[in-house]
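To keep things clear, I will list the structure first and then write my remarks on it.
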There are 2 protein chains.
Amino acid sequence: MKNVTKRQHEVILFIQDHLKAHGYPPTIREIGSHFSFSVKAAFDHVKALEKKGILRCNENRSRAIEIIHEAYLPKDEGLDIPLLGNVAAGVPLLSEENFDRMIKVPKQMLADTGQYYALLVKGESMHDAGIFDGDIAVIKYQQQADNGDIVVARVQDEAVTLKRFFRENNRVRLQAENEEYLPLYTQEVQILGKLQMIIRDYT
Amino acid sequence: MKNVTKRQHEVILFIQDHLKAHGYPPTIREIGSHFSFSVKAAFDHVKALEKKGILRCNENRSRAIEIIHEAYLPKDEGLDIPLLGNVAAGVPLLSEENFDRMIKVPKQMLADTGQYYALLVKGESMHDAGIFDGDIAVIKYQQQADNGDIVVARVQDEAVTLKRFFRENNRVRLQAENEEYLPLYTQEVQILGKLQMIIRDYT
DNA sequence: TTCATAACTATACCTTTGTTTCGTAGAAGT
DNA sequence: ACTTCTACGAAACAAAGGTATAGTTATGAA
């Protein structure tokens, strides 16, 4: 939060290193020894960092130092999002029946907010958009869409499909990107998310 | 290593959960309380797990439990691989001039071994393979390829290209996947890697 | 049957570790 | 000038937490 002093910064770095090396934080005394200064000095530093909102300490508990400030947290890994393997007709999207496994997606590529899930693409209906059978489609959950968005939609309790979305006068056009597929016109469509990313594995 | 009993497995799961929730491992007593059994029981379990090579404990140190066994380690995050933004002609592939930034790729999707890098796809030469301008191509570095592989190749010191590889009698055919592009025949081709993954961002 | 291991309870050390008290000193702000 | 903050030290206290002792019960292998 506030401006961290140079010494305090060194202390955080040591805590981070210790966490990385051992999987658990150092004790106050271990911090002290490392900088070869007194227990009290280490204690003061930790408390100062706690007051500044960098750390959180569980009182009277050993080694209970958590890094809570964003800037000092380990570089964000991936986001675990559920891969819905076989989205059945008539079943709520995020139900267990649909669940296959979790996949990791680089967090940096997704917005901070929002709920995400992934689908295994079936069929070639979006072939011309470069989305092939077997691709993983990462979807951001949202219930409305803009014209031209590629969305996950469910029409009348059937299985979900990936289509391009267009709102027309008094209906919605769900357009496949494949000449062999005709557009689907409907008035009752449930939008279940918008395509954010395509991942294709060649291994 | 050995066969972990059901109880022991529960204990590991608790340690993992605690680590995830607090950033540091539980104490022996905290393990005991969670399962509402005695301190000694918890102690025995931890020691048993240590003997089996799942955990490592630092003697007489509080909360000094490390998970060392692969299978129980936190699911590996992403792999940082360099994104080569603009691969210049005549310049070594992994030189600084080509370097753009690092991207995180879910490790689970790549083999354990091998050196990886990523390219930003330019142009539509692989359009029919569902690889579009702006896509990120994750490449495994290797200098040979099998027929039909999509490879990164450099022909006579020009900029690198992504093409499908075919070895013919006394030459190599580098085939774009786009009707507007003609195949390139050459005898001097340098293979710089094989396509492993395509990532397309719609955000 | 015997022996080893797993899975515990209860209680008691005793080391580790967080915390406090009592100080010193410089820098910065009011 | 006065207070606040940073930055330390030495020593002591008390709570937290690892470890040990002395059992019990059940299971499966030898």
Side-chain angles (χ1 to χ4, degrees), chain A residues 1-19 21-69 71-72, chain B residues 1-19 21-69 71-72:
Chain A
M1 221 90 232
K2 301 279 191 63
N3 18 0
V4 175
T5 68
K6 194 169 62 180
R7 255 293 189 248
Q8 288 170 358
H9 190 253
E10 286 172 29
V11 171
I12 305 174
L13 290 185
F14 173 67
I15 295 173
Q16 288 177 326
D17 284 354
H18 195 283
L19 269 165
H22 301 100
Y24 50 82
T27 63
I28 299 287
R29 278 178 174 77
E30 281 165 357
I31 296 172
S33 313
H34 178 263
F35 294 97
S36 54
F37 50 48
S38 73
V39 184
K40 179 61 163 33
F43 183 76
D44 285 352
H45 279 123
V46 169
K47 288 299 155 190
L49 286 165
E50 191 175 16
K51 201 182 295 178
K52 289 181 180 178
I54 313 292
L55 305 178
R56 183 197 302 138
C57 298
N58 201 333
E59 287 209 347
N60 288 321
R61 310 239 150 242
S62 68
R63 232 182 264 277
I65 300 174
E66 287 177 73
I67 298 176
I68 54 172
H69 195 279
Y72 293 96
Chain B
M1 223 85 232
K2 300 279 190 65
N3 20 359
V4 175
T5 68
K6 195 169 62 182
R7 254 293 188 252
Q8 289 169 357
H9 190 253
E10 286 172 28
V11 171
I12 306 175
L13 290 185
F14 173 67
I15 295 174
Q16 289 176 326
D17 284 353
H18 195 285
L19 269 166
H22 301 99
Y24 50 83
T27 64
I28 299 286
R29 276 177 175 77
E30 282 165 358
I31 296 172
S33 312
H34 178 263
F35 294 97
S36 55
F37 49 49
S38 72
V39 185
K40 179 58 161 38
F43 183 74
D44 285 351
H45 279 123
V46 169
K47 288 299 154 190
L49 285 165
E50 192 176 16
K51 200 182 296 177
K52 289 180 180 178
I54 315 291
L55 305 178
R56 182 196 302 138
C57 298
N58 201 333
E59 288 208 347
N60 289 320
R61 311 242 149 239
S62 69
R63 233 183 264 279
I65 300 174
E66 287 177 74
I67 299 176
I68 53 171
H69 195 280
Y72 293 96

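In what follows, every chain begins at residue 1, and chains take the letters A, B, ... in the order their sequences are listed.
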ask   = Counting any heavy atom closer than 4.0 Å, what does A/Phe43 reach on the DNA or RNA strands: base, sugar-phosphate only, or nothing?
value = base
A/Tyr72 vs A/His9 side-chain heavy atoms within contact, under 4.5 Å = yes
message = Heavy atoms only, 4.0 Å cut-off, all strands: where does A/Ser36 land among base, sugar-phosphate and nothing?
response = sugar-phosphate
query = Distance from A/Lys52 atom NZ to A/Asn3 atom CG, nearest 0.5 Å?
reply = 6.0 Å
request  = Give a yes/no answer on whether the side chain of A/Thr5 brings an N or O atom under 4.0 Å of OP1 or OP2 in D/dA7.
outcome  = yes
query = More 5' along DNA chain C: A/Arg63 or B/Val39, using each one's nearest nucleotide?
reply = B/Val39
ask   = Under 3.5 Å, side chain of B/Gln8 to main-chain N/O of B/Leu49, donor-acceptor pair present?
value = no
ask   = What orientation do B/Phe37 and B/Phe35 show, parallel under 30°, tilted 30 to 60°, or perpendicular over 60°?
value = parallel
message = Closer than 3.5 angstrom, by distance alone: can the side chain of B/His45 be matched with the main-chain N or O of B/Ala41 as a donor-acceptor pair?
response = yes
query = Which parts of nucleotides 23-30 of chain D does protein reach within less than 4.0 Å, heavy atoms only, written one letter per nucleotide 5' to 3' as B for base, S for sugar-phosphate only and - for none?
reply = --------
Rounded (10°) bend between the five-pair end axes of the helix from C/dT1-D/dA30 to C/dT30-D/dA1 = 30°
request  = Select base, sugar-phosphate, or nothing to describe what A/Lys47 touches, counting heavy atoms under 4.0 Å on all strands.
outcome  = sugar-phosphate
task = Check the distance between D/dA12's C1' and A/Arg29's CZ and give it to me in whole angstrom.
result = 10 Å
message = Quick check against the 3.5 Å criterion: does B/Arg63 have a side-chain atom that pairs as donor or acceptor with the backbone of A/Ala64?
response = no
key: Touch class at under 4.0 angstrom, heavy-atom based, for B/Arg7 against every strand present   = sugar-phosphate
N/O (side chain, A/Arg61) to phosphate O (OP1/OP2, D/dG17) under 4.0 Å = yes
ask   = Rounding to a whole Å, what distance do you find between A/Ile28:CD1 and D/dG17:C1'?
value = 16 Å
query = Relative to the 5' end of DNA chain D, which residue comes earlier, A/Asn60 or A/Ala42, by the nucleotide with the nearest heavy atom?
reply = A/Ala42
request  = Considering just the side-chain nitrogens and oxygens of A/Ser62, establish if one lies under 4.0 Å of OP1 or OP2 belonging to D/dG17.
outcome  = yes
ask   = How would you label the contact of B/Ser38 with the nucleic acid (heavy atoms, under 4.0 Å): base, sugar-phosphate, or nothing?
value = base
B/His45 side-chain N/O to C/dA6 phosphate OP1/OP2 under 4.0 Å = no
query = Nearest of D/dT19, C/dC8, C/dT17 to any side-chain atom of B/Ala41?
reply = C/dC8
ask   = For A/Lys51 and D/dA7, what is the distance between atoms NZ and P respectively, to the nearest whole Å?
value = 13 Å
